[in-house]
Structures are given as structure tokens and as C-alpha cells.
Amino acid sequence: MISKNTFLAAKETYVNSDIVIFGCPLDTSTSFRPGTRFGPDSIRSASEGLETYSPILNLGLEEINFCDIGNLQIGQGNSELAISEIYKKSKQIYTDKKIPFALGGEHLITLGLVNAASEFFPDLRVIHLDAHADLRTSYEGTNLSHACVMSNVEVKIGTKKISHFGIRSGTSSEWRKLKENKNLFPLDIKTMGNFISELSDSPIYLTLDLDVLNPSELCGTGCPEPGGISFTDLNQIFTFFDRLNVVGLDVVELSPMLDQSGLSSIVAAKVVRELLLTL
Ligand SMILES: [Mn+2]
């Protein structure tokens with residue numbers, strides 16, 4: 001049998017799918033330890049070791065219609081071009097009335113997806129799970145950096161539409177900004193439960209940087225940050241997500257070669273499985 005590297009149990013036809021997985025192997029502005037370009041394929045390979053059924057969500061991947069269309073052909077030399085390609089693909093998926101689910105790649109990919117989502121959903125709100133604020137306005141001479149992605153999203157949809165969870169690292173000016181805007185929340189079950197019940201039917205874009213997890217459970221990422229939530233607690237938080245109207249999402253910053261055990265890719269694949277089941 002010929003094995004095709006797609007996410008576990010992905011259906012093959014785009015036309016019949018409600019959700020479209022695609023890889024965005026961008027690794028251009030990665031500032032500390034590179035390797036996120038290998039993230040999407042590593043998540044797919046690791047997913048083969050998982051069951052399709054989630055006991056926590058009491059649902060299996062066979063029950064949802066999703067496909068995996070592979071990776072976008074993204075070069076590493078031009079972030080602007082890469083974001084534009086991601087935007088075009090996301091726009092096509094929205095035109096076809098489907099939900100884009102991007103696998104990173106570095107966090108900058110979120111910008112291309114949010115640019116498209118905000119055109120189709122003017123009321124779009126963004127939920128940001130991350131160890132880092134990513135609110136710098138410039139980093140290493142450019143604003144097209146993974147360290148600036150959320151400040152770019154702010155420019156696009158407005159600060160008040162973004163809610164940050166789990167952040168435990170940033171510059172003093174990033175922290176000042178978070179305090180002034182009062183849009184940083186602890187990543188725990190109670191806070192998330194309350195937050196979600198206030199959102200009603202708002203269209204949500206969810207961006208999950210895997211470094212939000214404790215590095216003892218996921219060390220395969222470019223800028224691991226001590227502290228952070230356990231996978232078990234994150235999985236409990238996911239049980240609220242089926243109440244959200246998620247219209248697009250991404251899971252970013254896996255850098256598989258930094259974890260020789262391969263465990264980080266398995267954790268990332270399980271995060272993707274659980275999120276798929278909440279859509
Ligand atoms: Mn991060």
C-alpha cells in the first residue's frame with residue numbers, strides 16, 4: 001500500500017470536506033532555534049500513532065468531514081510573498097464555505113489567515129494561546145516576524161477583538177500594552193468557561209502556539225518558555241471549544257528536530273486531533 005502523508009483519517013476529497021487542513025512550512029523569521037518548516041509533515045506522521053477517537057470529547061475523526069490538502073509551496077526568502085500565498089489559499093477556502101486549519105510553520109503564518117478571515121467575517125475575534133505576547137511592532141528590522149504577529153493582527157482587526165491566554169513572556173512594553181488593554185487572561189478552565197459563555201455567536205479565529213504548553217511536555221519548539229499549562233489541562237479547556245463559532249484556526253511553532261524523542265510531534269498531533277473534534 002502506498003502511504004500518503006496526510007493527517008490521521010483525513011478524507012481525500014476537498015469538495016465534501018467542511019474543514020481543510022493545509023501546511024504552511026514557513027521558517028523565515030524564526031529568531032532563536034529554526035526548524036518549524038518541518039512542523040506540518042511531522043504532525044502528520046506522528047498522527048498515525050494516535051487513535052481517531054477522543055475519550056474526552058467522545059467523538060472520532062470519522063464523524064467529521066475534513067481533508068488534508070498538503071503543504072503550500074512557500075519559499076523561505078520572502079515573508080511578504082509567503083503571507084500573500086497563505087492569504088490566497090485561505091480566501092479560496094472561505095469562498096468555498098469551508099474552515100481553514102493551518103499547520104505551522106512559524107507564527108507569522110497567522111497573519112495570512114486572519115487577513116482572509118477578517119474579509120469574510122468583519123466581526124472576527126481572535127483567541128491567542130501562546131507563551132509569548134508577540135506584540136512587538138518591529139523585530140530584527142522588520143514587522144514581518146513571528147515576534148510581531150499579534151501586533152499585525154491588532155492593526156488588522158483592532159486590539160479589543162483579541163484575547164490573549166497563557167502569556168508568560170514579553171518585553172516591558174508588551175506587558176504594559178497587555179495591562180492597559182486588559183486583554184490578557186489566565187489559561188485555566190474557569191476563566192475560559194466564563195470567557196466563552198460571553199462570546200455568544202461571534203466568529204472566532206483561534207491561533208495556538210504550541211509553546212503555550214509546559215516545555216517538559218513539548219520541548220520541540222524554537223523558543224521554549226519555562227512554566228505553562230499541561231496537556232491534560234489544555235485538553236480540558238478544549239471541551240469548551242465546541243461552544244465557539246470557530247471559523248479558522250492554526251497550530252504553530254512545532255520544531256520537531258529539537259525533540260529527538262519525537263514526543264513533541266505526538267503532542268502537537270493530539271492537539272490538532274482534539275481541535276478538529278471541537279469544530
Ligand atoms: Mn510563542
Side-chain angles (χ1 to χ4, degrees), residues 23-40 42-43 79 82-83 86 102-114 126-140 142-154 162-175 177-178 181 183-188 192 205-231 233-234 237-238 249-259 263-265 267-269 271-272 275:
C24 301
L26 187 66
D27 197 13
T28 299
S29 76
T30 311
S31 48
F32 185 31
R33 309 189 302 169
T36 57
R37 71 188 69 182
F38 304 112
S42 192
I43 288 173
S79 297
I83 292 164
I86 294 165
L103 307 179
E106 60 163 282
H107 208 162
L108 188 60
I109 70 161
T110 304
L111 187 56
L113 285 124
V114 167
V126 170
I127 295 180
H128 174 217
L129 275 63
D130 199 332
H132 309 96
D134 293 347
L135 285 168
R136 282 174 158 98
T137 49
S138 176
Y139 191 63
E140 295 178 337
T142 178
N143 71 342
L144 292 181
S145 162
H146 69 155
C148 309
V149 63
M150 295 315 291
S151 75
N152 281 297
V153 171
E154 280 188 334
I162 304 169
S163 305
H164 306 270
F165 290 87
I167 288 158
R168 56 190 185 275
S169 174
T171 64
S172 60
S173 65
E174 285 177 302
W175 279 100
K177 210 167 170 183
L178 289 167
N181 294 323
N183 62 349
L184 170 61
F185 305 95
L187 185 52
D188 59 49
M192 189 59 88
Y205 185 89
L206 173 70
T207 177
L208 191 152
D209 184 331
L210 288 160
D211 64 31
V212 75
L213 286 161
N214 188 297
S216 67
E217 296 191 37
L218 190 139
C219 65
T221 189
C223 300
E225 186 66 36
I229 193 169
S230 72
F231 176 82
D233 287 346
L234 185 64
I237 284 168
F238 289 161
L249 68 168
D250 61 63
V251 172
V252 296
E253 294 286 349
L254 174 69
S255 197
M257 289 165 80
L258 295 172
D259 178 0
L263 181 61
S264 297
S265 300
V267 174
V271 165
V272 171
L275 286 174

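Order of listing sets the numbers, starting from 1, for every ligand and every atom in it.
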| Under the ring pair (Phe, Tyr, Trp, His ring centres under 6.0 Å) test, residues paired with His107 that sit two or more places apart | His128
| task | Decide side-chain contact (heavy atoms from CB on, under 4.5 Å) for Thr28 and Glu106; before the verdict, give the C-alpha distance in whole Å, the side-chain angles of both, and the deciding distance to 0.1 Å. | result | CA-CA 8 Å; Thr28 299; Glu106 60 163 282; 3.7 Å; yes
| Environment of the Mn ion (ligand 1) in terms of protein N/O/S atoms, cut-off under 2.8 Å | Asp130 OD1, His132 ND1, Asp209 OD2, Asp211 OD1, Asp211 OD2
| task | Would you mind reporting whether Leu254 and Ser265 have side-chain heavy atoms less than 4.5 Å apart? | result | yes
| query | Could you give the distance from CD (Glu253) to SG (Cys223), rounded to the nearest 0.5 Å? | reply | 7.0 Å
| Within-4.5 Å side-chain heavy-atom neighbours: Met257 and Ser42 | no
| Quick one: do the Thr207 and Asp250 side chains pair a donor with an acceptor below 3.5 Å? | yes
